[in-house]
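Accompanying notes for the structure given below.
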Protein chains: 2
Amino acid sequence: MNTTKIPKATVFRLTLYYRYLQTLCRAGCHTVSSAELAKGTRVNSAQLRKDLSYFGKFGVRGVGYEVKKLMRRIQEILGLSKSWNMALIGLDHIGYAMLQHRQFEKRGYNLVAAFDITGRYAGERIHSLTVHSIDEFDTVMQNNPIDLGVIAIDSEHTQQAADAFVRAGVKGILNFSSTLVTAPKDIQVKDADFTILLDNITYAITRDTNKLEVPSDIHSDAPLPIHGIALSV
Amino acid sequence: MNTTKIPKATVFRLTLYYRYLQTLCRAGCHTVSSAELAKGTRVNSAQLRKDLSYFGKFGVRGVGYEVKKLMRRIQEILGLSKSWNMALIGLDHIGYAMLQHRQFEKRGYNLVAAFDITGRYAGERIHSLTVHSIDEFDTVMQNNPIDLGVIAIDSEHTQQAADAFVRAGVKGILNFSSTLVTAPKDIQVKDADFTILLDNITYAITRDTNKLEVPSDIHSDAPLPIHGIALSV
DNA sequence: TAGATTGTTAATCGATTAACAATC
DNA sequence: TAGATTGTTAATCGATTAACAATC
């Protein structure tokens, strides 16, 4: 029983390595050095070797890593050859895109149920999947073993959606909503609200533009922003 | 000139604080303690106070923070009252969803141009925005001042899309593709490929299920995964 | 004044990386 | 053997948090 903690960042990068290895494999490469793989994934090469070392010794000194072998190892570590059933709540938002274009199915994530909270799509078949009304949630979830829940609504019902998923026995939740969600700690929750990333990008742009200053004395009594989630003040 | 480095994680959390403050504001709250705001954003309260301390002293000892005032401060710090023009490449994928449902426009991110690489939507008007063929990229970009580029294709053309955006003078790129993108370092790039998050969730689920083991000797010669981006081996 | 909560320090924790001995 | 590159150590860097003096 090895008790070394695996950094989350390491697990994240493992996926990056895997994808680059796929590219190399398709290109017919047989071996790759940590330097090359690191470059392709924008990572320090010592970082990469350290990441792999948490799981074993996969390379050959003086030579590098065998592409297919390393892929297989990462596959095993990440459980990439498993297949997972997902259910989706919300078709407004990003949910409709997920429903239409199932890129992730190639990666073992199968969308097997979709629930519309607006009622707009309920009953429709979209790419061979029938959209259910949210009222049918319990019945449908009972009849299908679902591993993962995807929340693609952005409203005061976000937490309810999460609760419903938890009750239905999912083990993980991907939350696209900008509302944070609470779940028992054995349920894996990841927030994927990309508008935060936009804010991060524009902050960095603004900082670069003005260079240098952390204003020592902010004192405008500027109005609250004109756009933005109606600040009914 | 204050040279203190602001941790990226701090900037990220600032958005979280802001959104929770919006909720409080709508609920009619006038003041909030670091403990409450921290709880609402799943953060340690010392963390929150430390985050704010990078930018100034916004609270009152023994009392807490004035909700509206703190919102205004974070707004200024993050530049949330600014407005940004975005262009989008790719309507297959998540791009179509962005085009249809413009939730982010409430936050000051305006989609002003969309380019289709498949030609499927070129010429169509979707929610008062005309979709252009990718051939018209240079012309359209020249005639509109674009701050941010969104990449929503997932193909070998990802880097070309990024290069085109850079040539057109964008200052930041949000990349939904699972291909990493290279750009000059004064261009802010954020990767938002959510399939990585799915991999992270399922890794954590699998780890929890088997508990404890970092296998000491992985030696299966299992086949490469059946799904997944055709491993043409 | 007594109670509450901030702002800040110092300790801790975790993640990154340079450097190099091991070894193919 | 000579050259190359891994695996690992130790140093560094950065981020989190407990604790508490300052102070409303």
Side-chain angles (χ1 to χ4, degrees), chain A residues 2-17 21 24 29-67 69-71 73-74 77 200 204 214-218, chain B residues 2-17 21 24 29-67 69-71 73-74 77 200 204 214-218:
Chain A
N2 188 331
T3 314
T4 317
K5 272 267 192 58
I6 312 296
K8 284 178 186 190
T10 292
V11 176
F12 186 89
R13 284 187 297 262
L14 243 28
T15 302
L16 259 32
Y17 304 148
L21 288 166
L24 291 173
C29 291
H30 288 267
T31 59
V32 63
S33 69
S34 63
E36 187 186 348
L37 187 47
K39 194 164 167 240
T41 50
R42 319 312 190 247
V43 152
N44 178 295
S45 78
Q47 176 86 268
L48 160 50
R49 294 196 300 276
K50 175 94 191 165
D51 283 341
L52 296 179
S53 77
Y54 287 112
F55 303 96
K57 305 180 185 186
F58 306 141
V60 178
R61 287 168 204 239
V63 178
Y65 302 89
E66 198 191 311
V67 171
K69 183 177 158 192
L70 186 53
M71 288 182 72
R73 296 294 181 253
I74 297 183
I77 294 164
N200 289 178
V214 170
S216 49
D217 191 354
I218 312 185
Chain B
N2 188 332
T3 315
T4 318
K5 271 269 191 59
I6 312 296
K8 284 177 186 193
T10 292
V11 176
F12 186 90
R13 285 188 296 264
L14 244 28
T15 302
L16 259 32
Y17 304 149
L21 287 166
L24 291 173
C29 291
H30 288 267
T31 58
V32 62
S33 69
S34 63
E36 187 185 351
L37 187 47
K39 193 162 167 243
T41 49
R42 316 321 187 240
V43 153
N44 178 294
S45 77
Q47 176 85 267
L48 159 51
R49 295 196 298 278
K50 176 93 190 162
D51 283 341
L52 296 179
S53 78
Y54 287 110
F55 303 96
K57 305 181 185 187
F58 306 141
V60 180
R61 286 165 204 242
V63 178
Y65 302 89
E66 200 190 309
V67 172
K69 183 177 158 194
L70 186 53
M71 287 181 72
R73 296 293 182 253
I74 297 183
I77 294 165
N200 290 178
V214 171
S216 48
D217 190 353
I218 313 184

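Since this is a predicted model, take the numbers as computed values, not measurements. Here is the naming used below: chain letters follow the sequence lines, and residue numbers restart at 1 for every chain.
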I'd like the 5' and 3' limits of the part of DNA chain D contacted by chain A, with heavy-atom contacts below 4.0 Å. D/dA4 to D/dT9
B/S45: which residues meet the side-chain hydrogen bond (donor to acceptor under 3.5 Å, both in side chains) condition with it, sequence neighbours left out? B/R49
Test log, rule side chain to side chain contact (heavy atoms under 4.5 Å, CB included), inputs B/L52 and B/L70: CA-CA 10 Å; B/L52 296 179; B/L70 186 53; 4.1 Å; yes
Want to settle it: does A/R13 or B/S34 sit nearer the 5' end of DNA chain C, counting the closest nucleotide to each? B/S34
Atom of B/L24, atom of B/E36 and distance for their closest heavy-atom approach: CD2-OE2, 3.8 Å
Could you identify which residues of residues 35-50 of chain A place a heavy atom less than 4.0 Å from some atom of DNA chain C, listed by residue number, or say none? A/N44, A/A46, A/Q47, A/R49, A/K50
Check step by step if side chain to side chain contact (heavy atoms under 4.5 Å, CB included) holds for B/V43 and B/Y17. CA-CA 10 Å; B/V43 153; B/Y17 304 149; 3.6 Å; yes
So which one's nearest nucleotide on DNA chain C is more toward 5', A/T10 or A/G62? A/T10
Let me check something: any side-chain donor-acceptor pairs from residues 6-16 of chain B under 3.5 Å, sequence neighbours excluded? List them with distances.
residue: B/T10; atom: OG1; partner: B/D51; partner atom: OD1; Å: 2.7
residue: B/R13; atom: NE; partner: B/D51; partner atom: OD2; Å: 2.6
residue: B/R13; atom: NH2; partner: B/Q47; partner atom: OE1; Å: 3.0
residue: B/R13; atom: NH2; partner: B/D51; partner atom: OD1; Å: 3.0
residue: B/R13; atom: NH2; partner: B/D51; partner atom: OD2; Å: 3.3

Check A/L21 against A/M71 and note the closest heavy-atom contact, atom names and distance. CB-CG, 3.5 Å
Dot-bracket assigned to DNA chain C with the 3.5 Å Watson-Crick/G-U criterion, [ ] for crossing and | for other-strand pairs, is ..||||||||||||||||||||||
Smallest separation among heavy atoms of B/L48 and B/S34, with atom names: CD2-O, 3.2 Å
Counterpart residues, side-chain hydrogen bond (donor to acceptor under 3.5 Å, both in side chains), relative to A/R42 (two or more places apart): B/T182
Over all heavy atoms of both residues, which pair between B/L37 and B/V32 is shortest? Give the atoms and the distance, please. N-CG2, 3.8 Å
